[in-house]
Amino acid sequence: MWSLLPQLVVSGISTGMLYALIALSMTILYRATTVVNFGHGDMVAAGAYALFVFGVGFGLPFVVALALAVAVLFLAGVAVQRWLMQPIMAGPHLSLAIMALAAGYALRGALRLEWGNETINLTRPYPQDAYMLGNVVITTDDLVISGFVLLLLAALFILLQVTPLGKVIQATFQSQRGAALVGINVPAFQAAMWGLGAALGAVGGVLLSMITPLTPDLGQWTLIQGFAAMTLGGFGSLGGAVVGGIVLGITEKLLGFYVNTVFVEVTGYLVPIVVLLLRPQGLFGRRMIVRV
Amino acid sequence: MRIWQSMVGFIAAAVLALPAWADSTQGISATTITIGNLGPFSGPASVFTPLNYGAEAYLRYINAQGGVNGRKFVTVFADSSCNEAKGIAAAKKLVDEDKVFMIMGNPCSGVAMAIKPMLVQEGVPWMGASANPKISSPASPGIFHTVYPGSEAGRAMASFAISKPGTTKVALVMHSDDWAHGYCDPAADYVKSHGGQIVATTTLEHGATDATAQALQVKASGAQAVMGCLYQPELVVLLRDMQKYQVNTIVLAALGADFDQVLAAFPSHDWLKERFFQPYQFKARLGIGPLKKFHDIFVKYLDKNELPKSGEPTNFYYYGVPVGIVAVEAFRRAGPEPTRESWEKAVESLKDFDTGVLADTETFAPDNHVGVHRMYAVGLDAQGNETVYKSWGDPLPNAP
């Protein structure tokens, strides 16, 4: 049984990379707007369907279809912020969370209207080969997904940690009023961040659609895993989101194999409970004490 | 005052205790028969709606021939979303407001089990495609399975698997719901009663995008066959991961997946040859031979929103048809003035009735409300040709 441990860890990292990407896109939005987007999973699914429409429906090359899918989801994210979130931004946080959830449900409903009674299988734009590393199988899927996510992560870290945009995000996260006072157009900035979050979700959806059939409910599972990874890493921590995703991916594989396969699903629910009880700030979040 | 309260309470209790006096000709007019078609027209289970449309296509075809005894069928569709609460509300609306004669379709086991007490109480017939065998066994008034319940399909899966020489160790990979147990429990019982053993039982939940742990557990268990009691998306995920980790055992999949659509998920079928099988419900291959007639019915009588967006009508369309065929035949036999009682007696009178679709003929009796039992298996042979088998290595000689 233990001879399969390296395989489980490698597979966990590959799966965890996808969770990391989804957690990261949720974290970016959270840092910029302090909103947890509970409709994010549906944006992930919408991204995959957008690829299907452009790639299969219009017959465009994969790279072009991918770029268009990302662009469409960016615009969808901007639209959600502009027309659904912005009007209630001054309201309680619960309203924002419910609106995000409702927007996701509406998106899923729209996908079901058109594709609800079929599952779609997208063709990979690369050959599916398997490589042996000792006893460990690594497929092209693993390499493509991990490589793509690593590239995106690197680009995002540079964007957020090195460029002035990262400072703007941090400023808006700490105080929207303060950010507005120093001349930052907060609503426009938040709209752009909603767009970025949705676009990154679209990339996650496209990568996911390479390894699993497409259904309108594809995003439900990813939302739970993304949220769990975000909680594990620490709300608002970019590095934490990545580490949280990978740890979650490995944990569900190990528990699923060595304890019971029920844990593959349950881990995503257990992690937030355990983390919030034992270490609410997550692995990399900072404990905050607020005086009132 | 207390006497009055007691009397009111007694009358209320008596009224509630009375069986519902359903009109046994409800839904029948001089020119129409109103049928309720209940299905998951929205939600994640809407991949099963072709089962509803298959039956509906046949009713439209009969209407085009002039109907039955001068009456044409009028269908009222109702959406259950495969959700018990929503299904009960939809069924009540069909019975109480739309005044249907019977309910057909209903591919969801959970919904079928949830509405069964109400239908039996009201005397409303049900003829559906749900997998759970408890719906029709033991026999309840008006409740008929004209297609294979999961128990028959589960036994067919197990029987084909252990017909492969030397196969005794079987693993189960299943959802944790009633539907999956409806297939995998009878399959496991069959394996055990024929000298085999279940060496691993693993769950793969709806929406899962990875089956690494399950595939590796199967590998570690030394299983020689896998019973995949899964819906289509998760079955594809399992097969892909089994292929990835070189878990080269045969896989028998439940009827939650469409064989051709599963094949379509794989760019190359090499790994699936002589490895992936499903119980096969039909007397011939889809769309050809005796099944050509039904292909033409689907194409002619279903609109474009009811047909697949691309490609030919799939397995589920054909599998929905026998519900319509048996219901119509019972109306024919019930005569010009059908009632629910005469219609039910007409169903129970069917012996060796050939639907022209299924591998088995339909036989009912007052104590047997499951019409069909015998199934085949379908898979790709060593050359990659879709082949219908009676047992391992024994293809159906006359399958077109």
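A, B, ... follow the sequence lines: proteins, then strands. Residue 1 opens every chain. Not measured: the values here are computed from a predicted model.
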Taking every heavy-atom pair that is under 4.5 Å apart, which of [options] has the most such pairs with chain A?
options                                : result
B:Gln246, B:His206, B:Lys309, B:Gln243 : B:Lys309
B:Pro267, B:Ala220, B:Ala208           : B:Ala208
B:Thr314, B:Thr202, B:Thr209, B:Asp241 : B:Thr209

Chain A neighbours within residues 221-231 of chain B, where any heavy atom lies under 4.5 Å away: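 Against chain A, none of the residues of residues 221-231 of chain B fall inside the cut-off of heavy atoms under 4.5 Å.
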Would you give the length of the straight line joining atom [atom1] of [X] to atom [atom2] of [Y], rounded to the nearest 0.5 angstrom?
X        : Y        : atom1 : atom2 : result
A:Asn260 : B:Thr201 : CG    : OG1   : 9.5 Å
B:Gln232 : A:Thr215 : CD    : OG1   : 10.5 Å
A:Arg112 : B:Ser81  : CZ    : OG    : 7.5 Å
B:Phe41  : A:Leu113 : CZ    : CG    : 14.0 Å

Out of A:Leu8, A:Val264, A:Leu4, which one pairs with B:Thr212 under the side chain to side chain contact (heavy atoms under 4.5 Å, CB included) rule?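 Answer after filtering A:Leu8, A:Val264, A:Leu4: A:Leu8.
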Which heavy-atom pair separates [X] from [Y] by the least distance, and what is that distance?
X        : Y        : answer
A:Asn121 : B:Gln261 : ND2-O, 3.7 Å
A:Gly256 : B:Ala213 : C-CB, 3.8 Å
A:Pro213 : B:Val237 : CD-CG2, 3.9 Å

Would you say the side-chain atoms of B:Glu205 pair up with the backbone N or O of A:Glu265, donor to acceptor, closer than 3.5 Å? no
Could you check A:Lys253 against B:Asp210 for salt bridge (charged side-chain N to carboxylate O under 4.0 Å, His left out), going step by step and ending with a plain yes or no? CA-CA 10 Å; A:Lys253 297 285 181 295; B:Asp210 180 86; 3.1 Å; yes
Other residues, nucleotides, ligands: >12 heavy atoms within 6.0 Å of [X] [atom1]:
X        : atom1 : result
A:Asn135 : CG    : no
B:Lys273 : NZ    : yes
A:Tyr131 : OH    : yes

Under a 3.5 Å cutoff, is there a donor and acceptor pairing between the side chains of A:Thr261 and B:Gln214? no
Which bit of [X] comes within less than 4.5 Å of chain B, counting heavy atoms only: side chain, backbone, both or neither?
X        : result
A:Asp142 : side chain
A:Leu208 : side chain
A:Thr15  : side chain

Check the pair A:Thr119, B:Val47 against side-chain contact (heavy atoms from CB on, under 4.5 Å), reporting the backbone distance first and the verdict last. CA-CA 7 Å; A:Thr119 53; B:Val47 288; 4.0 Å; yes
Under 4.5 Å, counting heavy-atom pairs only, tell me which of A:Gln225, A:Glu114, A:Gln128 racks up the most with chain B. A:Glu114
Top residue by heavy-atom pair count (under 4.5 Å) with chain B, among A:Asp141, A:Ile138, A:Leu218, A:Val137? A:Val137
Residue by residue, scan residues 44-54 of chain A and write down, ordered by number, those that have a heavy-atom distance under 4.5 Å to chain B; if none do, write 'none'. none
